[in-house]
Amino acid sequence: MSNPHPVVRLSKISKTFGRTKALSDVSLEIRPGELVGLIGHNGAGKSTTMRTIAGEYHPDGGSVFVRGQDITSRHNAGLALDMGIRTVYQELELPGNLKIREAAVFAAPKAVGTLRGWRRRSERMIMERLQEIFPQSGIAAGQRIDRLSISQRQMLAIALAGLWPEKQPATCLILDEPTSSLDAFSAKGLYDWLRKEARQRGLGVLVSTHKLNEVVGELDRAYVMVDGQIASERPMKGTTSADLVAAMQHASASISTEKAEDVHVLSVETEGMAKASGSIAIRNLRSAGLSIDQLEINAGEIVGIGGLEGQGQKRLLRAVFAQASGYERDPSFAIKGQAAFVSGDRRTDGIFPLWNVESNLSVSCLSALSRMGLVSRLRERALVLKWHRRLRVKGTIDDPIVSLSGGTQQKVLVGRALAQIPDVLLLDDPTRGVDEQTKLEIFSLVKAQARSGTAVLWYSTETAELHRCDRVCVMNSGRIMDEILTKTADPRSFEDRVLGSSFS
């Protein structure tokens, strides 16, 4: 490389919010052409580190270097953009009223330009970039952004971040959980593109993800964060997912993923889960883009839905919920019991951002906590405290929901659903962007409720998560192409079969 300096270097960065020490002596560097990981449990300090690099937070101590220049005293978001630093956060913030062809003008005006013909340039640039990274995105230039699925919005945000002005250096691309809602095929396409961009442009890439198989398989190095500090740095060559789990836990020796799962699952309080009795039966369904001959889920079963994103999984979940809630009537469905729904798109379909943890957790149970139209505050507080303890939510129930990490917010949404004592539980990628420990705790709670009689239908973009279900239905073009019993399939053969059925 012509430039010997790292594209970005942090030296002994500290950051405090009130009485909370978010970062303490954080030092890291990202070199030209490198893909670097930033991993750790929710609340470890990853988001604060990324926002410091992006200029959104100014450090209380330490120094920020970009391409060898100490820019600490003048570092801000505008300067970061001018110096070629781009960031795509997990909680996507895109203007929903714009069409795709207009998005490039909003996100990268310097790349598009404002001279005559900017509309055509904007459309050409964003559609070419989408085709390059995600050739099967299904995104059309005339679509409004607010009509896109969460995975399509994620694809669009990444493509927009990759529009570099001709006369501006491509310094660093920061991606926060970039594949959290992408299927395996789209995720592989993204990493292939990142590798090419890094090599051709001398770009440094920083990826924060909880998908440890991607960290090991796609990245060059990784920093492990624990409690606002860099606990370790290691090259990925020769490193396993189990090594990273051990590093995050400060363990003295590596443990296998399976053993880690046993420890975490057993550690979650599951006694006294409420009894339920639900089932789902679908026969000869031919509507809403779905063509399903037969699907049955009995009380106590956890059935996963797999396949490439956008193949009808979300439509199926919402169709079941609409039938169970009485919003629609279709003789193809036979749903027994009341249903609860958990969305992985927590910002749009999950949290009430102006409310605290208590209100977010209890909102779906208010009718059960009421007498003569008045909510019992004592009963509400008792319910919330029980689930706050069971979910192991950090902080207090009076904290604003948006002050929690994304993974902890998702815990609250799962708790809201389980507190309803649902007969049918519908999960739409509920652990998107959640660390492994939290995933296991959520699965443990869901499994305990299933044992109490709840029928569970669980969609996930992660094959490893689907393998925890009792059986998995793989969908393609609104049809169930394969049904797999997970007990009889080892993880590798299961992954191969899911992928193969996805392209049937």
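Predicted model, so just to flag it, every value in this text is computed and none were measured.
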Tell me the salt bridge (Lys or Arg N to Asp or Glu O under 4.0 Å) pairs involving [range], sequence neighbours left out?
range	value
residues 178-191	K188-D192, K188-E218
residues 32-42	R31-E34, E34-R221
residues 133-143	none

Point to revise | Identified salt bridge (charged side-chain N to carboxylate O under 4.0 Å, His left out) partner of E441 from the options R390, K447, K411 | key: K411
Answer yes or no: is there a side-chain heavy-atom contact under 4.5 Å between [X] and [Y]?
X	Y	result
L194	L175	yes
V26	T48	no
R74	Q69	yes
L219	Y191	yes
L23	T49	yes
L203	V7	no
I174	V8	no
E128	M125	no

For the student: nearest non-hydrogen atoms of [X] and [Y], plus distance:
X	Y	value
S241	N213	OG-N, 3.9 Å
G84	W164	O-CZ3, 3.3 Å
A170	R67	O-NH2, 3.0 Å
L130	A159	CD2-CB, 3.7 Å
A54	T87	CB-OG1, 3.4 Å
W193	G162	CH2-CA, 4.0 Å

Practice item. Please test L361 against I397 for side chain to side chain contact (heavy atoms under 4.5 Å, CB included), starting from the C-alpha separation and ending with a verdict. Key: CA-CA 9 Å; L361 214 160; I397 62 175; over 6 Å; no
For the atom pair [atom1] ([X]) and [atom2] ([Y]), what is the distance rounded to the nearest 0.5 Å?
X	Y	atom1	atom2	value
S460	L466	OG	CG	5.0 Å
R153	I139	CZ	CD1	10.5 Å
M50	L38	CE	CG	6.0 Å
S137	I158	OG	CD1	11.5 Å
S180	D429	OG	CG	7.5 Å
I85	I71	CD1	CD1	6.0 Å

Just by distance, do the side chain of [X] and the backbone of [Y] share a donor-acceptor pair under 3.5 Å?
X	Y	value
S27	K12	yes
S362	C365	no
Y223	E29	yes
T463	E495	no
S502	V498	yes
D220	L35	yes
K46	M225	no
Q154	P178	yes
S122	R101	yes
Q313	I305	no

Check your understanding: Can a donor-acceptor pair be found between the side chains of E214 and T179 at a distance below 3.5 Å?
Key -> yes
Review point. Yes or no on side chain to side chain donor-acceptor pair (under 3.5 Å) for T72 and D70, after CA distance, side-chain angles and deciding distance?
Key: CA-CA 6 Å; T72 311; D70 186 346; 2.7 Å; yes
Exercise for review: Please test T438 against Q410 for side chain to side chain donor-acceptor pair (under 3.5 Å), starting from the C-alpha separation and ending with a verdict.
Suggested key: CA-CA 9 Å; T438 303; Q410 203 66 24; over 6 Å; no
Exercise for review: Go through the steps to decide whether I13 and L28 satisfy the test side chain to side chain contact (heavy atoms under 4.5 Å, CB included), and finish with yes or no.
Suggested key: CA-CA 9 Å; I13 294 294; L28 60 80; over 6 Å; no
Practice item. In plain terms, say whether D60 and K15 are close enough for a salt bridge, that is, a side-chain N and a carboxylate O under 4.0 Å apart. Key: yes
Check your understanding: Should the pair K110-D82 be classified as a salt bridge under the 4.0 Å nitrogen-to-oxygen rule?
Key -> yes
Exercise for review: Might you work through the side chain to side chain contact (heavy atoms under 4.5 Å, CB included) test for V412 and R346, ending with a clear yes or no?
Suggested key: CA-CA 10 Å; V412 172; R346 54 183 167 266; over 6 Å; no
Study note, to complete from the structure: Residues passing the ring-ring contact (aromatic ring centres under 6.0 Å, His included) test with H467, sequence neighbours excluded, are F494
Check your understanding: F341: what forms a ring-ring contact (aromatic ring centres under 6.0 Å, His included) with it, not counting sequence neighbours?
Key -> F321
Exercise for review: Take atom NZ of K21 as the centre, draw a 6.0 Å sphere, and report whether it contains more than 12 heavy atoms from other residues, nucleotides or ligands.
Suggested key: yes
Review point. Where does the angle between the aromatic ring planes of F17 and Y57 fall among parallel (under 30°), tilted (30 to 60°) and perpendicular (over 60°)?
Key: perpendicular
Exercise for review: For E132 and R129, run salt bridge (charged side-chain N to carboxylate O under 4.0 Å, His left out): C-alpha distance rounded to whole Å, both residues' side-chain angles, the deciding distance at 0.1 Å, then the answer.
Suggested key: CA-CA 5 Å; E132 181 183 3; R129 186 62 82 191; 2.8 Å; yes
Enumerate donor-acceptor pairs with a distance under 3.5 Å from any side-chain N or O in residues 350-359 to protein atoms, sequence neighbours excluded.
unit_1	atom_1	unit_2	atom_2	d
N356	OD1	E358	N	3.3
N356	OD1	S359	N	2.9
N356	OD1	S359	OG	3.1
E358	OE1	R381	NH2	3.1
E358	OE2	R377	NH1	3.4
E358	OE2	R381	NE	2.9

Review point. Between V215 and T239, does a side chain to side chain contact (heavy atoms under 4.5 Å, CB included) hold up when you go through it step by step?
Key: CA-CA 10 Å; V215 176; T239 297; over 6 Å; no
